[in-house]
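Note that the structure is a prediction, hence the values are computed from the model and not measured.
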Amino acid sequence: MGIVLKSERELAKMREAGLIVRAVLDAVEAACVPGVSTAELNAIAERELRRAKASSAFLGYAPGGAPPYPAVLCTSVNAVVVHGIPDRRQVLREGDVVGIDFACYKDGYCADAARTVAVGIVSAPARALISATQECLERAIRACVPGARLGDVGAAIQGHAEELGYSIVREFVGHGIGRAMHEPPSVPNHGREGSGLRLRPGMVLAIEPMLNVGGADVRVLHDGWTVVTADASLSAHVEHTVAVTDDGPRVLTAA
Ligand code: MF3
Ligand code: CO
């Protein structure tokens with residue numbers, strides 16, 4: 001299937017899902033303190049999901065032969081890039097950097113977002129990485145205007161990340177989103193300005209830069225999900241669901 005443009009009515013539904021995603025991430029972020037386990041963070045996400053009468057986009061998700069994802073939240077600590085599985089034995093400690101990623105369906109439409117959170121006081125390099133990753137996302141969002149191209153979005157991320165000396169993960173990318181969590185097109189975190197698909201009003205993209213302090217290479221652990229940096233360097237990931245509209249970018253998972 002090709003790219004599905006969304007009507008204003010559909011964008012309104014995706015906004016409902018986006019507000020739930022935001023509320024869940026707010027609750028989880030507030031709980032990212034030393035001593036909490038990543039399984040407890042997942043339990044908080046489950047509780048908020050129930051409260052909102054929404055359904056998880058992650059639980060049981062099994063793309064292309066992967067084992068079904070066993071939780072509603074991804075918790076990616078330090079050298080884990082994305083898709084970390086919550087675990088009762090994994091307890092957050094002061095100085096950790098934790099990515100929290102959540103998506104849900106409400107009334108048939110999906111929204112998807114992620115943040116990277118500092119646990120207590122973290123090192124200056126960790127703080128800088130988190131800020132840079134957020135800046136990359138903000139720049140990418142600003143590029144989401146009708147007439148621009150997908151390469152402009154990737155270039156905005158790549159240009160800023162590389163200027164600051166970070167590397168970009170290539171194996172995992174952002175995506176179109178709507179009735180399904182993953183729709184075309186793929187949204188790479190690198191690219192060339194002026195190249196690629198032309199953005200049109202009604203396109204909705206989940207943009208999710210992943211930046212590493214060290215090299216770009218990653219590997220997947222034997223659980224089939226956890227993505228780690230090959231050199232064990234620190235990594236950060238943030239994501240928003242963004243609609244391209246005639247009035248400019250509309251971030252469906254933000255305040
Ligand atoms: N936000 C991620 C993505 O867009 C998380 C999906 S992995 C899952 O691909 F298994 F948890 F669903
Ligand atoms: Co996503």
When hydrophobic residues are tied together by side-chain contacts of less than 4.5 Å, even through go-betweens, does F102 share a cluster with V117? yes
Is V187 linked to L197 within one hydrophobic cluster, defined over Ile, Leu, Val, Met, Phe, Trp and Tyr using a side-chain heavy-atom separation of less than 4.5 Å? yes
Tightest non-hydrogen contact, residues V173 and E208, listed as O-OE2, 3.7 Å
Let me know which of V91, T226, V98, D87 forms a side chain to side chain contact (heavy atoms under 4.5 Å, CB included) with V77. V98
Do you know the tightest heavy-atom contact between E171 and A216? OE1-O, 4.4 Å
With the side chain counted from C-beta on, respond yes when R170 and Q158 share a heavy-atom pair under 4.5 Å apart, and no when they do not. yes
Give a yes-or-no answer on whether the side chains of Q90 and T38 include a donor-acceptor pair shorter than 3.5 Å. yes
Hey, are the side chains of V82 and M210 touching, using non-hydrogen atoms and a 4.5 Å cut-off? yes
Mind checking the OG1-CG spacing from T116 to L137? Nearest 0.5 Å is all I need. 10.5 Å
Can you tell me if CZ on R200 sees more than 12 non-hydrogen neighbours from other groups inside 6.0 Å? no
Side-chain H-bond candidate by donor/acceptor type, Y109 with E10, under 3.5 Å: yes
Hey, are the side chains of I85 and D223 touching, using non-hydrogen atoms and a 4.5 Å cut-off? yes
Within the 4.5 Å heavy-atom criterion, are V145 and L199 side-chain neighbours or not? no
To the closest 0.5 Å, what do you measure between CG (L150) and CZ (R192)? 13.0 Å
Is the backbone N or O of V97 less than 3.5 Å from a side-chain atom of N78, with the two atoms forming a donor-acceptor pair by type? yes
How far apart are the closest heavy atoms of L92 and C32, and which atoms are they? CD1-CA, 4.1 Å
Taking the six-membered ring for Trp, are the ring centroids of F58 and H83 within less than 6.0 Å of each other? no
List the steps and the verdict of salt bridge (Lys or Arg N to Asp or Glu O under 4.0 Å) for R115 and D26. CA-CA 10 Å; R115 303 175 187 172; D26 282 347; 2.9 Å; yes
Please tell me if the side chains of V244 and V204 come closer than 4.5 Å, counting only heavy atoms from C-beta onward. no
Test item: S235 and V213 side chains (from C-beta on) under 4.5 Å apart, heavy atoms: no
Would you please indicate if the ring centroids of F172 and H237 are separated by under 6.0 Å? no
Could you tell me whether a side-chain N or O of T229 sits under 3.5 Å from a main-chain N or O of S233, the two making a donor and an acceptor? yes
Pair Q134-S131, side-chain donor/acceptor within less than 3.5 Å: no
Return the CG to OG1 distance between L252 and T241, rounded to the nearest 0.5 Å. 6.5 Å
Non-hydrogen atoms of M203 and R198 that approach each other most closely: CE-O, 3.3 Å
Among the clusters formed by ILVMFWY side chains lying less than 4.5 Å apart, do V119 and V28 turn up in the same one? yes
Same cluster (ILVMFWY, side-chain, under 4.5 Å), V72 and Y69: no
Applying a strict under-4.5 Å side-chain criterion to I, L, V, M, F, W and Y, I'd like to know whether I177 and V21 cluster together. no
Determine, stepwise, if the pair D112 / H175 fulfils side chain to side chain donor-acceptor pair (under 3.5 Å). CA-CA 10 Å; D112 184 7; H175 47 93; 3.1 Å; yes
Taking every heavy atom of M14 against every heavy atom of A111, the minimum-distance pair comes out as O-CB, 4.0 Å
Can you see which heavy atom on P184 is nearest to which on G2, and at what distance? CG-O, 3.7 Å
Within the structure provided, determine whether D101 and E239 are in side-chain contact (heavy-atom separation under 4.5 Å). yes
Would you mind telling me which of L49, N42, L59, I44 makes a side chain to side chain contact (heavy atoms under 4.5 Å, CB included) with L73? N42
Are any non-hydrogen side-chain atoms of P209 and N189 less than 4.5 angstrom apart? yes
I'd like to know if the side chain of Y105 and the backbone of M181 have a donor-acceptor N/O pair within less than 3.5 Å. yes
Checking the side chain of E183 only, and the main-chain atoms of A180 only, is there a donor and an acceptor separated by less than 3.5 Å? yes
Nearest-0.5 Å distance that lies between atom CD in E193 and atom CG in D152: 5.5 Å
Is the side chain of S195 donor-acceptor paired with the backbone N or O of G151 at a distance under 3.5 Å, no angle test? no
Do R22 and E29 meet the salt-bridge criterion of a basic N to acidic O distance under 4.0 Å? no
For the side chain of K106 and the backbone of K53, is there at least one donor-acceptor N/O pair under 3.5 Å apart? yes
Of V218, L129, I168, which is the lone residue that meets side chain to side chain contact (heavy atoms under 4.5 Å, CB included) with N212? V218
H190 vs E162, side chain to side chain donor-acceptor pair (under 3.5 Å): CA-CA, chis, key distance, verdict: CA-CA 10 Å; H190 60 93; E162 290 181 351; over 6 Å; no
Could you check whether D231 pairs with R219 (Lys NZ or Arg NE/NH1/NH2 to Asp/Glu carboxylate O, under 4.0 Å)? no
Rounded to the nearest 0.5 Å, what separation is found between the SG atom of C136 and the CD1 atom of I141? 11.5 Å
Look only at the side chain of R250 and the backbone of V242, and say whether a donor-acceptor pair between them is shorter than 3.5 Å. no
Rounded to the nearest 0.5 Å, how far does CD1 of I157 lie from CG of L211? 8.5 Å
Decide, yes or no, whether a salt bridge links K13 with E16 under the criterion of side-chain N to carboxylate O below 4.0 Å. no
Return yes if some donor-acceptor pair links the side-chain N/O of K6 with the main-chain N/O of P201 below 3.5 Å, else return no. no
Sidechain-backbone polar pair: W225 side chain, V220 backbone, donor-acceptor under 3.5 Å: no
Between the side chains of H240 and T253, is a donor N or O closer than 3.5 angstrom to an acceptor N or O? yes
